[in-house]
**Student:** 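Input: one structure, supplied below.
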Amino acid sequence: MKTGNNIGMSGAGCTIVIGLTILGWFIYAGMARFKDSDRSVVVKGLSEREVEADHVIWPLVYRYADDNLPSLYSEMEKAGKIMHDFLVTNGIDETEITVSPASVIDIQAERYGYNKEDPLRYKATLVVTVATGKVDIVRELMTKQDDLLRKGIVIVSKDYEFPTVFSFDSLNDIKPEMVAEATKNARATAEKFAEDSDSRIGKIRSASQGQFTISDRDQNTPHIKVVRVVTTIVYSLKD
């Protein structure tokens with residue numbers, strides 16, 4: 001019976017040793033996996049391109065002063081027709097033109113800024129607005145305003161109250177390509193980082209797309225826009 005006990009104890013000891021060995025292997029493997037999962041690199045990828053504006057809002061502002069109110073309204077009506085005909089004749093559709101009612105100010109009724117030496121009591125502002133996708137036509141018409149001047153219509157230029165606005169409305173058409181380009185650039189940065197650190201990149205752990213921004217390329221060419229997006233990607237690193 002004593003021999004049997006020794007054999008039983010020996011078998012139990014072997015089982016414990018094997019169990020501890022297996023446990024140690026699992027612990028080692030787990031630590032290795034934890035070590036790998038703890039290594040990562042955060043990179044950003046940029047995509048940027050220049051595009052032409054595909055929509056424009058162009059206000060044509062005409063100001064006139066007169067001491068006679070009926071004469072003032074007659075002049076504004078005449079000016080509105082001349083401006084309207086100028087646009088339609090040069091390729092702008094009727095549906096793309098809005099003629100706002102003339103805004104009239106009685107100078108004598110103004111509490112501030114009234115100059116008794118000013119003989120012209122009434123001052124009016126007429127705004128004819130073009131909203132169209134025909135950006136090239138509008139840009140050409142901007143250089144042909146002398147045609148209006150010859151007919152006695154002086155358009156106020158660079159009026160900060162009524163700015164010309166060029167916009168790019170086809171962003172959805174280029175979004176997929178730009179996101180793909182930004183992601184590609186981010187991966188190239190991650191691969192360079194991994195190479196320099198004697199590692200290799202693994203799977204994407206997380207990714208976020210930045211907001212698309214659209215801005216003028218410069219002050220002199222507002223019809224040329226710069227579209228920009230930055231993506232942020234976290235890659236795992238492996239030895």
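The structure displayed is predicted, hence computed values, not measured ones.
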**Student:** With a 4.5 Å cut-off on side-chain heavy-atom distances among I, L, V, M, F, W and Y, is there a chain of contacts connecting V99 to Y64?
**Tutor:** yes
**Student:** Answer with yes or no whether the hydrophobic clustering places V51 together with L171; edges join I, L, V, M, F, W, Y residues whose side-chain heavy atoms lie under 4.5 Å apart.
**Tutor:** yes
**Student:** Using the rule side-chain hydrogen bond (donor to acceptor under 3.5 Å, both in side chains), only one of D93, D54, N90 pairs with K134; which is it?
**Tutor:** D93
**Student:** If hydrophobic clusters are built by linking Ile, Leu, Val, Met, Phe, Trp and Tyr wherever their side-chain heavy atoms come under 4.5 Å apart, do V88 and F86 end up in the same one?
**Tutor:** yes
**Student:** What residue among R187, K175, R49 forms salt bridge (charged side-chain N to carboxylate O under 4.0 Å, His left out) with E181?
**Tutor:**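 Single pass found, and it is R49.
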**Student:** With a 4.5 Å limit on heavy-atom distance, are the side chains of I233 and T183 in contact?
**Tutor:**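 Side-chain contact under 4.5 Å: yes.
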**Student:** Calculate, to the nearest 0.5 Å, the distance between atoms CE and NE2 belonging to M142 and H223 respectively.
**Tutor:** 10.0 Å
**Student:** Within the structure provided, determine whether Q145 and L149 are in side-chain contact (heavy-atom separation under 4.5 Å).
**Tutor:**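 Heavy-atom side-chain distance check fails, nothing below 4.5 Å.
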**Student:** As an exercise, state the distance from CG of D66 to OH of Y122, rounded to the nearest 0.5 Å.
**Tutor:** 10.0 Å
**Student:** State, yes or no, whether a side-chain contact exists between V130 and V56 at a heavy-atom distance under 4.5 Å.
**Tutor:** no
**Student:** Measuring from I201:CD1 to S40:OG, what's the distance to the nearest 0.5 Å?
**Tutor:**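 Taking CD1 in I201 and OG in S40, the distance rounds to 12.5 Å.
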**Student:** Using side-chain contact (heavy atoms from CB on, under 4.5 Å) as the criterion, point out the one residue from V165, D169, T132 that pairs with H55.
**Tutor:** D169
**Student:** Counting only heavy atoms from other residues, nucleotides and ligands, does the tally under 6.0 Å from CZ of R228 exceed 12?
**Tutor:**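 Result for CZ/R228: open.
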**Student:** In terms of hydrophobic clustering (I, L, V, M, F, W, Y; side-chain heavy atoms under 4.5 Å; direct or indirect links), are I224 and I174 co-clustered?
**Tutor:**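 In one cluster: no.
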**Student:** What I want to check is whether the side chains of S236 and R205 have a donor and an acceptor closer together than 3.5 Å.
**Tutor:** no
**Student:** After noting the C-alpha distance and the side-chain angles of S215 and K225, does the key distance pass the side chain to side chain contact (heavy atoms under 4.5 Å, CB included) rule?
**Tutor:** CA-CA 5 Å; S215 58; K225 304 295 181 180; over 6 Å; no
**Student:** Is there side-chain contact between F212 and V179, with heavy atoms separated by less than 4.5 Å?
**Tutor:** yes
**Student:** Is there side-chain contact between Q211 and V229, with heavy atoms separated by less than 4.5 Å?
**Tutor:**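 Result no, sub-4.5 Å side-chain heavy-atom pair not found.
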**Student:** Are the side chains of V156 and Y62 in touch, meaning some heavy atoms are under 4.5 Å apart?
**Tutor:**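 Answer no - side chains too far apart.
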**Student:** Just verifying a value: how many Å separate I153 CD1 and L60 CG, rounded to the nearest 0.5 Å?
**Tutor:** 10.5 Å
**Student:** Got a sec: does the CD of E52 have more than 12 other heavy atoms crowding it under 6.0 Å?
**Tutor:** yes
**Student:** For residues N68 and P70, determine if any side-chain heavy atom of one lies less than 4.5 Å from a side-chain heavy atom of the other.
**Tutor:** yes
**Student:** Answer yes or no: is there a side-chain heavy-atom contact under 4.5 Å between Y73 and K78?
**Tutor:**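 Of all side-chain heavy-atom pairs linking K78 with Y73, none is under 4.5 Å.
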**Student:** Is there a path of hydrophobic side-chain contacts, each under 4.5 Å between heavy atoms, that joins L87 and I137?
**Tutor:**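 In one cluster with L87: I137, yes.
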